[in-house]
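One structure below.
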Amino acid sequence: MPVTFKVAVAGCTGYAGGEILRLLADHPGVEIGALTAHSNVGVPLGEVQPHLASLADHPVVETSAETLAGHDVVFMALPHTASAALAGELSPDTLIVDSGADFRLTSSDEWEKFYGTPWAGHWPYGLPELPGQRAVLAETKRIAVPGCYPTAITLALASAIAAGIGDPKDIVVVAASGTSGAGKALKPNLLGSEVMGSVSAYGFGGVHRHIPEILQNLRSLGADAPQLSFTPLLVPMSRGILATCSLPLPTPVSEAEVRAVYEAFYASEPFVTLMPTGVSPTTAAVLGSNMVQIQVAVDAAAGRLIVLSAIDNLTKGTAGGAIQSMNIALGLDETMGLPRQGVAP
């Protein structure tokens, strides 16, 4: 008999919680237990997540240590800073996978600067594609899932940084994201009439909360004192991220040489695709999948390496990365329950 793990989801009514449940519903290695929230308690899940047909009758219960106890795995899809206290009340034998930011940063100073609350500590980072990270995840009961922008940007730059291609002291990233990245709470700037037909920038000028996380990842790949100028854009679509990343090439390198480095770095990665020469990644192509599409180019006139990446921010950027990391921590096939095919058109 195959082993089945009992799984709870805290924050089941939000976008991240709903996406975690969409993937878990077809995961052959899990049994779904408590679904918890702070709102909509007592209603069937189908009233707040109507796309989850197989879980429609599952009741939403209050988020507490008592309702989450007794599960093998607890996913936390809670607002930033809300996970730490609850995690401290759960058994050390429970695998906790946190989709929030609470445990991502290793620096207390950076946490307090960008989040303005006391630092809760650091958990192993749920980005398996980082060198050596699978071994770390295989030995842990606590996982901090990356942010969606850090996932797209880190995977775009990881190969170049690890190989020493380009100058990490002048990284420029402009990344476009759909509105679901801001969560499900009502915000005037996310109303359909505000978003449709408009592109806007936000969190620019070095203040976006994902900057220290991206820099932390680049340092782990060997970058010495990396510097990042990051401008996120809000575009009129519900989900997806397209990141355009560039950095200087101190010495001339051909596009073919760069492609060879990327091909070698990602050769065995099940969820990373280096696109054919001349084919651009698109958010539509990765919709609903756990895939990352990457393309590289050398702008010889500007002396810069350009790397594009596309992900679904709710799948690979949140829920898919969480389940991928869970699979590793539980000793399951890493790809179990995770779609590699996008939805088109």
Side-chain angles (χ1 to χ4, degrees), residues 3-49 52 54-104 117-126 137-146 183-185 314 318-332 336-337:
V3 176
T4 300
F5 297 91
K6 190 174 182 181
V7 175
V9 177
C12 68
T13 59
Y15 286 144
E19 186 72 354
I20 290 169
L21 285 170
R22 181 180 75 86
L23 299 175
L24 289 176
D26 292 322
H27 193 297
V30 305
E31 170 194 351
I32 296 176
L35 305 183
T36 81
H38 287 304
S39 60
N40 302 112
V41 171
V43 306
L45 183 69
E47 290 190 16
V48 287
Q49 302 282 22
L52 300 176
S54 65
L55 299 171
D57 296 330
H58 210 108
V60 177
V61 299
E62 181 67 34
T63 298
S64 68
E66 290 72 26
T67 57
L68 296 172
H71 293 82
D72 300 301
V73 184
V74 172
F75 286 92
M76 291 188 175
L78 304 173
H80 298 321
T81 74
S83 298
L86 184 60
E89 298 181 52
L90 299 179
S91 167
D93 295 324
T94 300
L95 174 60
I96 304 177
V97 185
D98 183 24
S99 296
D102 293 34
F103 300 101
R104 293 174 187 163
T117 62
W119 182 59
H122 173 66
W123 287 358
Y125 195 64
L137 294 172
E139 299 294 331
T140 188
K141 291 290 187 180
R142 300 289 186 269
I143 298 172
V145 179
K184 206 172 185 178
L314 291 180
T318 306
I323 291 172
Q324 185 180 350
S325 298
M326 176 201 75
N327 286 341
I328 295 170
L330 295 178
L332 301 173
M336 187 177 287

Exercise. Quick one: side-chain hydrogen bond (donor to acceptor under 3.5 Å, both in side chains) pairs with a partner in residues 3-24, sequence neighbours left out?
Worked result: Glu19-Arg22, Glu19-Arg239, Glu19-Thr315
Problem set entry | His58 side chain vs Gly33 backbone, donor-acceptor pair below 3.5 Å | yes
For this session: Using the side-chain contact (heavy atoms from CB on, under 4.5 Å) rule, take Glu47 and Val60 through it: C-alpha gap first, then chi angles, then the decisive distance, then the call.
Result: CA-CA 10 Å; Glu47 290 190 16; Val60 177; over 6 Å; no
Problem set entry | Value rounded to 0.5 Å, distance of CD1 in Ile323 from OG1 in Thr318 | 11.0 Å
Exercise. Which pair of heavy atoms, one from Asp102 and one from Ala82, lies closest together, and at what distance?
Worked result: OD2-N, 3.4 Å
Problem set entry | Worked verdict on Val30 versus Val73 for side-chain contact (heavy atoms from CB on, under 4.5 Å) | CA-CA 9 Å; Val30 305; Val73 184; over 6 Å; no
Exercise. Which atom names give the shortest non-hydrogen contact between Tyr125 and Leu137, and what distance separates them?
Worked result: O-CD2, 3.6 Å
Exercise. What are the two closest heavy atoms between Ala120 and Ala84, and how far apart are they?
Worked result: CB-CB, 3.6 Å
Exercise. Closest approach of Ser99 and Ala322, non-hydrogen atoms and distance?
Worked result: OG-CB, 4.5 Å
Exercise. Is Ser91 reaching over with its side chain to a backbone N or O of Asp93, donor-acceptor style, under 3.5 angstrom?
Worked result: yes
Exercise. Sub-3.5 Å donor-acceptor pair from the side chain of Gln49 to the main-chain atoms of Cys12, do we have one?
Worked result: yes
For this session: Please round to the nearest 0.5 Å and tell me the distance separating atom CD1 of Ile20 and atom CD1 of Ile32.
Result: 11.0 Å
For this session: Mind running side-chain contact (heavy atoms from CB on, under 4.5 Å) on Val7 and Phe75 for me, showing each step along the way?
Result: CA-CA 8 Å; Val7 175; Phe75 286 92; 3.5 Å; yes
Problem set entry | His38 and Glu62: CA distance, side-chain angles, deciding distance, side-chain contact (heavy atoms from CB on, under 4.5 Å) verdict | CA-CA 6 Å; His38 287 304; Glu62 181 67 34; 3.1 Å; yes
Problem set entry | Any donor-acceptor pair under 3.5 Å from Thr67 side chain to Thr63 backbone | no
Exercise. Pick one: which of Leu330, Ile143, Val145 meets side-chain contact (heavy atoms from CB on, under 4.5 Å) with Ser325?
Worked result: Ile143
Problem set entry | Any Met326 side-chain heavy atom under 4.5 Å of Leu95 side chain | yes
For this session: Using a 4.5 Å cut-off on heavy atoms from C-beta on, say whether the side chain of Asn327 contacts that of His27.
Result: yes
For this session: State, yes or no, whether a side-chain contact exists between Leu55 and Leu24 at a heavy-atom distance under 4.5 Å.
Result: no
Seminar exercise, completed: Taken to the nearest 0.5 Å, the spacing of Leu90 CG from Ile96 CD1 works out to 4.5 Å
Exercise. Can you find a heavy atom in the side chain of Met76 that is under 4.5 Å from one in the side chain of Leu86?
Worked result: yes
Exercise. Short question: side chain of His80, backbone of Ala101 - any donor-acceptor pair under 3.5 Å?
Worked result: yes
For this session: Would you confirm whether Arg142, through its side chain, and Pro124, through its main-chain N or O, come within 3.5 Å as a donor-acceptor pair?
Result: no
For this session: Search all heavy atoms of Asp98 against all heavy atoms of Gly100 and return the closest pair with its distance.
Result: OD1-N, 3.1 Å
